[in-house]
Amino acid sequence: MRPGTHFPGVGAGLVIQRDGKVLLYKRENPPEAGHWSIVGGKVDHMEAAASAAKREAEEETGLSIGNIRLLCVSEQIIPSDGQHWLSLIYLTDDVRGDARLMEPEKLSEMGWFDLSELPQPLSLFAKDAFKHLRNPPATAL
């Protein structure tokens, strides 16, 4: 039994910002193969989602990730891929190093993009993240 296909999976993603741009990678595998997305992956059993977001980002980019903060929660049901994921998406600009393609079997291209000039198509998770990044929800008093 696999998370995301046999039951809803729990994922963690990370929006990485540097010099006013965001880092995106082009996905090779479902869900949403061929779409540009933020880095991330599944949360392992007994692993905190924030730790998973940092781990996945470091594995996929080669960057060293510092402090992160929660940006939003994104639930995606993707019938075309038979996938259902609930992902906690984090945000950081606390990164060191140069981004690289560390997992070319999973991610084929990468780049730093201005929010006004994002590549297409974007993954549903990236769309949710950027919607929250551009228009953060009002804080309740």
Side-chain angles (χ1 to χ4, degrees), residues 1-140:
M1 304 261 295
R2 292 181 35 187
T5 54
H6 295 99
F7 54 89
V10 177
L14 184 62
V15 175
I16 300 172
Q17 294 181 302
R18 180 182 273 172
D19 301 323
K21 297 183 184 276
V22 293
L23 182 61
L24 296 175
Y25 284 81
K26 193 170 192 180
R27 296 182 55 81
E28 286 296 302
N29 304 313
E32 300 187 289
H35 288 67
W36 289 88
S37 193
I38 59 176
V39 294
K42 73 176 185 65
V43 177
D44 291 334
H45 184 254
M46 302 303 291
E47 179 182 34
S51 297
K54 287 175 78 167
R55 173 184 54 76
E56 288 283 353
E58 289 177 344
E59 289 172 0
E60 293 175 359
T61 68
L63 293 168
S64 178
I65 307 295
N67 293 320
I68 67 173
R69 66 182 188 275
L70 183 65
L71 177 63
C72 66
V73 175
S74 177
E75 181 175 26
Q76 300 302 330
I77 299 172
I78 307 166
S80 61
D81 289 327
Q83 301 258 344
H84 181 184
W85 287 90
L86 184 66
S87 291
L88 288 83
I89 299 176
Y90 297 86
L91 174 67
T92 190
D93 60 3
D94 186 6
V95 296
R96 290 171 301 289
D98 295 316
R100 303 182 308 276
L101 279 172
M102 301 295 292
E103 297 179 336
E105 70 285 355
K106 294 181 184 178
L107 307 166
S108 63
E109 299 177 53
M110 59 159 279
W112 292 96
F113 299 93
D114 188 277
L115 281 176
S116 64
E117 297 177 9
L118 295 171
Q120 299 297 320
L122 279 179
S123 73
L124 296 170
F125 297 104
K127 286 180 183 178
D128 263 4
F130 298 142
K131 177 181 73 174
H132 284 84
L133 191 59
R134 288 183 182 115
N135 302 302
T139 304

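By convention here, the first residue in the shown sequence is residue 1.
Note that the NZ atom of Lys127 and the CD atom of Gln76 stand 9.5 Å from one another [nearest 0.5 Å]. Taking CD of Glu109 as the reference point, atom CG of Leu101 lies at 8.5 Å (rounded to 0.5 Å). Atom-to-atom distance recorded for Thr61:OG1 and Ile16:CD1 is 5.0 Å, nearest 0.5 angstrom. Considering CD of Glu105 and CD of Glu28, their distance stands at 9.5 Å, rounded to 0.5 Å. To the nearest 0.5 Å, atom CD of residue Glu75 and atom OG of residue Ser87 are 9.5 Å apart. Taken from NZ in Lys131 to CG in Leu133, the straight-line distance is 12.5 Å, to the nearest 0.5 Å.
For Arg2, the CZ atom counts as loosely surrounded, since its 6.0 Å shell holds 12 or fewer non-hydrogen atoms of other residues, nucleotides or ligands. Residue His6 qualifies as enclosed at atom NE2: its count of foreign heavy atoms under 6.0 Å is above 12. The local environment of CZ in Arg96 is crowded, with over 12 non-hydrogen atoms from other residues, nucleotides or ligands closer than 6.0 Å.
Within the 4.5 Å cutoff, no side-chain heavy atoms of His132 are placed close to those of Leu91. Between Glu47 and Arg55, some side-chain heavy-atom pair lies under the 4.5 Å cut-off. Val22 has its side chain out of reach of Ile38: every pair of non-hydrogen atoms, C-beta onward, lies at least 4.5 Å apart. For the pair Leu23/Leu63, a side-chain contact is recorded, criterion being any heavy-atom separation below 4.5 Å from C-beta on.
Under 4.0 Å is where a charged nitrogen must lie from a carboxylate oxygen, and between Lys54 and Glu58 no such pair does.
Listed by first and then second residue, the side chain to side chain donor-acceptor pair (under 3.5 Å) pairs involving residues 9-21 amount to none (not counting sequence neighbours). Sorted by first and then second residue, the ring pair (Phe, Tyr, Trp, His ring centres under 6.0 Å) pairs with a member in residues 66-124 read Trp36-Phe113; sequence neighbours excluded.
Applying the side chain to side chain donor-acceptor pair (under 3.5 Å) rule to Thr5 yields no partners; only residues at least two apart in sequence or on another chain are considered.
Residues Asp114 and Ser116 have side chains that bring a donor and an acceptor to within less than 3.5 angstrom of each other.
Of all heavy-atom pairs between Ala52 and Ala12, the closest is CB-CB, 4.1 Å. When all heavy atoms of Gly9 and Pro3 are compared, the closest pair comes out as CA-CB, 3.9 Å. Contact record, Ile65 with Ala57: CG1-CB, 4.0 Å, taken as the closest heavy-atom pair. In terms of heavy-atom proximity, Val15 sits nearest to Ala129 at CG2-CB, 3.7 Å. Of all heavy-atom pairs between Pro31 and Asp81, the closest is CA-OD2, 3.3 Å.
The closest donor-acceptor contact from the side chain of Glu32 to the backbone of Leu124 lies under 3.5 Å. The closest donor-acceptor contact from the side chain of Arg27 to the backbone of Asn29 lies under 3.5 Å. Between the side chain of Glu60 and the backbone N or O of Gly40, at least one donor-acceptor pair lies under 3.5 Å. Side-chain atoms of Thr92 come within 3.5 Å of backbone N or O of Asn67 as a donor-acceptor pair.
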